[in-house]
Amino acid sequence: MKEATLVLIKPDGLKKSLTGNILTRLSETKLDIIAARIVHVSAELAKKHYEALTDKPFFEDLIQYIRGEFHEKRKVMAMVYYGEGAINKVRALAGSTNPEEADAVSIRGQYGRITTKGVYENVIHASAHKKDAEREIKLWFQPEEIIVDLYSTKAGEKRTCNEVWAL
Ligand code: IDP
Ligand code: MG
């Protein structure tokens with residue numbers, strides 16, 4: 001069955017000019033990109049995204065990291081990949097959470113590092129399972145930004161593109 005997964009190129013990936021390399025690696029999966037945007041990450045979005053890790057000792061650093069506070073690039077590239085086994089395919093290519101333990105040819109193994117402060121700068125995020133993927137995609141994207149109707153929406157809630165722009 002086709003499924004969707006959220007991929008983020010984290011601020012270290014953007015600062016290191018790795019966007020092209022990461023997209024090329026991800027294209028090995030033959031999955032489709034069905035949504036993409038560059039996001040300035042608010043504290044609220046960062047905390048919601050990582051809400052399961054609130055109690056971890058590294059949580060505050062993690063929020064600063066994903067918001068780009070350790071890098072000049074205060075932005076993240078968010079994408080939705082879609083296709084058969086998308087979640088596991090992207091996780092496998094991403095590699096282990098700890099970049100020093102990640103397979104050397106995985107994306108995190110190739111490009112990640114642990115800073116002297118102990119932050120895992122592991123270059124990308126990839127949803128871990130279906131429930132997480134749905135929760136995360138709904139956090140980072142509006143329905144009209146995704147070209148496949150993944151999840152049901154409230155009736156009449158779809159907006160047209162030009163509504164908010166001044167003429
Ligand atoms: P995942 O990104 O591989 O799904 P999670 O356990 O969900 O891993 O953790 C989210 C993010 O928090 C990681 O990608 C990494 O940036 C950071 N992180 C996880 N564990 C540690 C740790 O032990 N020390 C420092 N940072 C960590
Ligand atoms: Mg996770």
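All ligand and atom numbering here is 1-based and tracks the order in the structure.
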Chemist: Ignoring hydrogens, just give me the one of H49, H125, R91 whose non-hydrogen atom is nearest atom 4 (O) of ligand 1.
Modeler: R91
Chemist: Nearest heavy atom to atom 7 (O) of ligand 1: which of I124, I114, L53, T97 does it belong to?
Modeler: L53
Chemist: Under 4.0 Å between a side-chain nitrogen and a carboxylate oxygen: does that hold for K48 and E44?
Modeler: yes
Chemist: For the backbone of G20 and the side chain of T24, can you confirm whether one donor and one acceptor N or O come within less than 3.5 Å of each other?
Modeler: yes
Chemist: So does R135 pair up with E51, basic N to acidic O under 4.0 Å?
Modeler: yes
Chemist: Taking K138 first and then E134, would you say they form a salt bridge - that is, a charged N and a carboxylate O separated by under 4.0 Å?
Modeler: yes
Chemist: Could you see which bit of Y120 sits under 4.0 Å from ligand 1, with heavy atoms only: side chain, backbone, both or neither?
Modeler: both
Chemist: Can you tell me how the ring of Y65 sits relative to the ring of H71, calling it parallel under 30°, perpendicular over 60° and tilted otherwise?
Modeler: tilted
Chemist: By number and element, which atoms of ligand 1 are closer than 4.0 Å to a non-hydrogen atom of G118?
Modeler: 25 (C)
Chemist: Which ligand 1 atoms does N122 reach within 4.0 Å, using its non-hydrogen atoms?
Modeler: 13 (C), 14 (O), 15 (C), 16 (O)
Chemist: So, is Y50 polar-close to ligand 1, with some N/O to N/O distance under 3.5 Å?
Modeler: no
Chemist: Does at least one non-hydrogen atom of K10 fall below 4.0 angstrom from an atom of ligand 1?
Modeler: yes
Chemist: Tell me: protein heavy atom nearest atom 17 (C) of ligand 1, and distance?
Modeler: L62 CD1, 3.7 Å
Chemist: Just to be sure I read this right, does ligand 1 sit under 4.0 Å from the backbone of R108, its side chain, both, or neither, counting only heavy atoms?
Modeler: side chain
Chemist: Among all the protein's non-hydrogen atoms, which is closest to atom 19 (C) of ligand 1, and how far away is it?
Modeler: F58 CZ, 3.5 Å
Chemist: Could you tell me if the side chain of Y111 sits less than 4.5 Å from the side chain of E121, heavy atoms only?
Modeler: no
Chemist: Under the 3.5 angstrom rule, does the side chain of H40 hit a backbone N or O of R74 as a donor-acceptor pair?
Modeler: yes
